[in-house]
Amino acid sequence: MAFHEMRVTYRNGELVEKVAGENPLELFLAWIGTARGSGAILEPNAMTLATVDDAGNPVARLVLLKELADDGAFVFYTNRHGRKGRDLAATPRAALVFWWEPLERQVRIEGDVTFTSDEDTAAYFATRPRESRIGAWASQQSEPIADRAALERQFAEADAAHPGEDIPVPPWWGGYRIVPDAMEFWQGRTGRMHDRLRYERDGARWERSRLQP
Ligand SMILES: Cc1cc2nc3c(=O)[nH]c(=O)nc-3n(C[C@H](O)[C@H](O)[C@H](O)COP(=O)(O)O)c2cc1C
């Protein structure tokens, strides 16, 4: 595969300070709204989540943004006993990356991480389809398993143990809130002269700067 021949010219847009404004959370909402409205992106709320493990190694995977809270926290849900849960227990810091290819836009976020409240977790869990709620009971996320059949058995057992619609939240399952202290907006431009605006939190204010591409 000739990766070096894979090249696109970004020509969709520009990111200027006047339009970007002073508040990165408002800009984020505008951008994800455009991404969703474009109809060209199946999961505009998919974000790469980077953590570090207890030996200092970076680890990344995709998760889904489920809420942007009033205090600006980016919220996702998972099994807190899996690999990312262990990482975040040791080092409660994370970075997020969104990539909306048809818009030629990237957003990067860095911040401290805390648990969602039990109330928020329960409220979100209740919105999940039944089979997703059963799946949360059936999977010891990030642990090895002998084969697919063994996984299917675990699902069937969890299903049988929780007949009906009333399924409690597994004790190991819940959300995380990433409160950004830095956010960067990237818009692809021609000649690799991309626009980059970085916002850093300064108390209640945001400090904005333009970075070279
Ligand atoms: C588009 C996409 C969205 C995903 N969303 C989630 C999610 O919201 N929560 C989750 O636990 N895993 C999600 N996953 C699976 C994770 O990428 C990952 O495989 C899993 O969480 C285990 O990661 P870990 O072993 O690092 O804990 C998603 C995967 C993809 C491809």
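We count ligands from 1, going down the list as the structure has it; atoms in each ligand are counted the same way. Note that this is a predicted model, so its numbers are computed, not measured.
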Exercise. Trp31 pairs by side-chain contact (heavy atoms from CB on, under 4.5 Å) with which of Arg105, Glu26, Gln106?
Worked result: Arg105
Exercise. More than 12 foreign heavy atoms under 6.0 Å from CG of Asp71: is that the case here?
Worked result: yes
For this session: Provide the number and element of each atom of ligand 1 under 4.0 Å from a heavy atom of Thr78.
Result: 10 (C), 11 (O)
Exercise. Would you say Ala46 has any N or O atom under 3.5 Å from an N or O of ligand 1, going by distance alone?
Worked result: no
Problem set entry | Residues Thr51 and Arg61: side-chain donor-acceptor under 3.5 angstrom | yes
Seminar exercise, completed: In ligand 1, the atoms that come under 4.0 Å of a heavy atom of Leu64 are 3 (C), 5 (N), 6 (C), 7 (C), 8 (O)
Exercise. So, for atom 23 (O) of ligand 1, does the protein have a heavy atom nearer than 4.0 Å?
Worked result: yes
Exercise. Backbone or side chain, does any N or O of Gly82 fall under 3.5 Å from an N or O of ligand 1?
Worked result: no
Exercise. Side chains of Leu27 and Leu197: closer than 4.5 Å at any heavy-atom pair?
Worked result: no
For this session: Specify side chain, backbone, both or neither for Lys66, according to which of its non-hydrogen atoms lie closer than 4.0 Å to ligand 1.
Result: neither
Exercise. What protein heavy atom sits nearest atom 5 (N) of ligand 1, and how far away is it?
Worked result: Val63 CA, 3.3 Å
Seminar exercise, completed: Per-atom filter on ligand 1: closer than 4.0 angstrom to a heavy atom of Glu43 are 1 (C)
Exercise. For Tyr77, is the nearest heavy atom under 4.0 Å from an atom of ligand 1?
Worked result: yes
Problem set entry | Contact atoms of ligand 1, heavy-atom distance to Ser142 under 4.0 Å | 24 (P), 25 (O), 27 (O)
Exercise. Looking just at side-chain N and O atoms, do Thr121 and Thr116 make a donor-acceptor pair shorter than 3.5 Å?
Worked result: yes
Exercise. Knowing that exactly one of Trp172, Trp173, Phe125, Phe155 qualifies, which makes a ring pair (Phe, Tyr, Trp, His ring centres under 6.0 Å) with Trp137?
Worked result: Trp172
Exercise. So which protein heavy atom does atom 29 (C) of ligand 1 come closest to, and at what separation?
Worked result: Leu62 O, 3.6 Å
For this session: Could you tell me whether Asp120 and Arg177 have a side-chain N and a carboxylate O separated by less than 4.0 Å?
Result: no
Problem set entry | Which of the ligand 1 atoms, numbered from 1, are nearer than 4.0 Å to a heavy atom of Lys84 | 11 (O), 20 (C), 21 (O), 22 (C), 23 (O), 24 (P), 26 (O), 27 (O)
Problem set entry | Residue selection (non-hydrogen contact nearest atom 12 (N) of ligand 1) among Gln141, Arg80, Arg83, Arg61 | Gln141
Problem set entry | Minimum heavy-atom distance between Arg108 and Arg196, given as atom pair plus value | NH1-NH2, 3.7 Å
For this session: Could you tell me whether Asp195 and Arg189 make a salt bridge, using a distance below 4.0 angstrom between a side-chain N and a carboxylate O?
Result: yes
